[in-house]
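Please read the structure below before turning to the comments.
Chain letters run A, B, ... following the sequence lines, proteins first and then strands; every chain starts at 1. Hydrogens, waters and symmetry mates are skipped; everything else that's a heavy atom, side chains included, is used. Just so it is clear, the model here is predicted, and its values are computed rather than measured.
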Amino acid sequence: MSALTIYNSLTRQKEVFQPLHPPYVGLYVCGPTVSGESHLGHARPYITFDVVYRYLRHLGYQVRYVRNITDAGHFEEEGREAEDKIARGAVLEKLEPMELVQKYTRLFHWGMQQFNCLDPNIEPTATGHIIEQISMIEDILAKGYAYVVNGSVYFDVVKYAAQYPYGQLSGRVLDELLATTRELEGQEEKRHKADFALWKKAPPQHIMRWKSPWGEGFPGWHIECSAMSTKYLGHPFDIHGGGMDLLFPHHECEIAQSTIAYGEPPVRYWMHNNMITINGRKMGKSYNNVIKLTELFSGQHPLLEQPYHPMVVRFYILQTHYRSTLDFSNEALQAAERGLQRLWEAHDLLEKLYRSMPDGQASAMVSGGDGQLELNERIQQLCTDFEDAMNDDFNTARVLANMFELVPIINAAGHQQLGESLRPAVVQLLYNHFSLYLKDILGLQPVKKPDNQLVEALLDLLIEIRKEARLRKDYATSDRIRQQLLQIGIQLKDEKDGSVSYTFQ
RNA sequence: GGUCCCGUGGCCGAGGGGUUAGGCAGAGGUCUGCAAAACCUUAUACAGCGGUUCGAAUCCGCUCGGGACCUCCA
């Protein structure tokens with residue numbers, strides 16, 4: 001059995017994962033800024049790290065998963081008007097900041113539920129940790145790596161870089177940063193272009209403000225993640241995740257702050273998921289190509305040909321390795337929709353097959369497939385590969401490919417089209433693995449299922465009537481039933497053994 | 001401009017010096033009262049040009065094309 005390896009952005013290579021304090025694992029993921037509705041782009045990191053969380057737990061680790069809610073406004077742009085994004089939105093929408101923040105937090109939670117993402121263990125808010133942030137800033141000031149100007153506090157990157165490897169994570173060189181960082185308005189407070197704010201003085205019109213040793217203001221861009229991850233996971237902790245766009249400056253700054261405050265780099269393994277693109281372009285407000293989750297699920301967006309079920313999106317995302325870019329297209333999502341359906345039908349068939357096995361046979365090694373050693377062994381091989389694929393930096397794409405290779409075997413066995421027999425022990429292994437990975441580790445759920453027992457009972461009645469019609473060779477009636485049901489989205493299938501199954505379209 | 005990443009068949013995408021990835025779509029067939037589904041078979045690949053090698057899609061160089069970060073952003 002292979003060991004779990006994780007691609008560490010810090011070292012740019014895959015490393016064997018060794019938690020600091022097994023069996024405990026600390027996992028921190030940068031959460032959403034709840035100043036607006038979640039969009040397709042948000043889906044990727046949270047689904048990616050949901051699978052990371054699920055898999056770590058599957059491996060037996062006791063994971064504390066912390067994902068923050070950024071509800072204290074980060075600035076629109078450094079230096080410029082220090083306008084609080086959330087405060088501005090509140091003015092526009094005539095809402096209290098907290099009202100706005102809670103509205104979008106709830107919407108975010110709803111989206112995560114749609115995607116079947118497990119809740120983090122702790123979901124700290126920035127506004128709930130102002131005190132922790134202030135004391136961390138005080139600490140950095142006391143150690144001489146920050147300075148106060150006019151009610152704001154800045155981190156002295158140049159001083160830090162003289163002693164510590166600033167830019168290690170993002171591959172930045174400080175001199176180049178100092179040379180190439182754009183001229184932005186209102187930067188005169190900072191000693192160096194590369195310095196970043198730990199605390200910002202709030203202008204008079206600013207709604208969100210807290211008292212601090214430096215006057216009324218609000219925390220800087222990066223301090224919340226450092227303060228909260230330390231509070232709940234200690235320092236250093238095991239895994240910090242987020243989107244690649246956070247690599248610089250956000251995570252680089254986190255490293256610098258925490259290194260000064262705690263005397264050591266804060267994180268062992270940095271993980272970054274790649275972006276979702278639309279027509280080759282990153283999705284972003286500035287590109288005006290943002291698809292909100294509500295639009296995605298309802299199909300109400302100019303770029304969308306149809307609604308896409310959250311599970312289709314989840315499956316689509318997991319079909320690509322998390323460090324590759326994933327380009328969005330209707331065609332790709334529609335392909336994913338059919339593929340996922342195929343996977344679930346195979347799963348349900350396999351479940352039926354498994355449950356129909358006589359008691360006792362499931363666990364016993366019964367000979368009977370002796371001539372089919374090759375097939376049985378191939379199945380076992382594919383199942384074991386699930387784990388190897390996941391251990392290889394969470395390669396969900398390979399897990400799914402393996403599942404698809406198993407689908408024809410399952411279907412053939414389930415429809416009695418297989419010329420060979422499967423050993424009961426192999427059926428059990430297959431079912432256990434297939435089900436475990438599909439549902440528990442990849443976190444996929446069936447897209448379509450009967451609404452309730454009433455529907456099932458009615459369907460059974462119709463199927464019964466149709467069956468009788470077919471016995472009379474009254475194909476007009478039987479075809480009418482099948483046709484009408486198809487029109488309302490239920491597809492009947494006459495199975496080989498004379499039974500009738502149905503799927504919801 | 002600086003730093004970095006990528007370019008796989010109609011579409012999406014794993015892999016990564018020699019052996020079929022996989023999905024969706026397409027073609028042919030089996031089964032079926034007819035369908036659907038399923039099963040079987042199946043074409044079109046590794047951007048281009050050089051180099052290393054017995055052998056390169058896989059390594060190296062160059063060219064072209066695309067993208068990310070350097071600015072709030074998942």
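- Residue A:D327 is classed as a sugar-phosphate contact, given heavy-atom separations below 4.0 Å to backbone atoms only.
- Looking at heavy-atom distances under 4.0 Å, A:L492 makes contact with a base.
- The partner of B:U58, taking Watson-Crick or G-U wobble pairs whose two distances both stay under 3.5 Å, does not exist in any strand shown.
- Residue A:R482 places a side-chain atom within donor-acceptor reach of the base of B:C34, judged by atom type and a 3.5 Å distance cut-off alone.
- Contacts of A:M244 with the nucleic acid, taken as non-hydrogen atoms under 4.0 Å apart, are absent.
- Paired with A:Y46 under the rule ring pair (Phe, Tyr, Trp, His ring centres under 6.0 Å), one option of A:F108, A:Y53, A:Y65 passes, and it is A:F108.
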I'd like to compare against my own output: the B/S/- annotation of nucleotides 14-27 of chain B with a strict under-4.0 Å heavy-atom distance to protein. SS-----BSSSS--

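- Rounded to whole angstrom, the span from the CZ atom of A:F196 across to the P atom of B:C70 amounts to 15 Å.
- Salt-bridge annotation for A:K493 and A:E345: present, with a side-chain N of the basic residue lying under 4.0 Å from a carboxylate O of the acidic one.
- The cationic group of A:R172 lies under 6.0 Å from the six-membered ring centre of A:F248 and within 45° of the ring axis, placing it in a cation-pi geometry.
- Regarding contacts with the backbone of B:A74, every side-chain N or O of A:N273 stays at 4.0 angstrom or more from both OP1 and OP2.
- Note on A:G171: only backbone sugar-phosphate atoms sit closer than 4.0 angstrom, heavy atoms only; bases stay farther off.
- Figure legend: A:R67 and A:Y28 shown without cation-pi pairing, the cationic atom not lying both under 6.0 angstrom from the six-membered ring centre and within 45 degrees of its axis.
- Taking 3.5 Å as the limit, the base of B:C31 and the side chain of A:D494 contain no donor-acceptor pair of atoms between them.
- Checking B:G1 for Watson-Crick or G-U wobble geometry (two distances, each under 3.5 Å) identifies B:C70 as its partner.
- A salt bridge does not link A:R398 with A:D385: every distance from a Lys NZ or Arg NE/NH1/NH2 to an Asp or Glu carboxylate oxygen is 4.0 Å or more.
- Comparing B:A35 with B:U30, their P atoms are spaced 12 Å from each other, to the whole Å.
- Ring orientation note: the planes of A:H347 and A:W344 are nearly perpendicular, at an angle over 60° on the 30°/60° scale.
- The pair A:R470-A:D474 fails the salt-bridge criterion, with no side-chain N (NZ, NE, NH1 or NH2) lying under 4.0 Å from an Asp/Glu carboxylate O.
- Nearest to the side-chain atoms of A:L246 among the listed nucleotides B:C39, B:A36, B:A74 stands B:A74.
- A gap of 43 Å separates the P atoms of B:A25 and B:G51, to the nearest Å.
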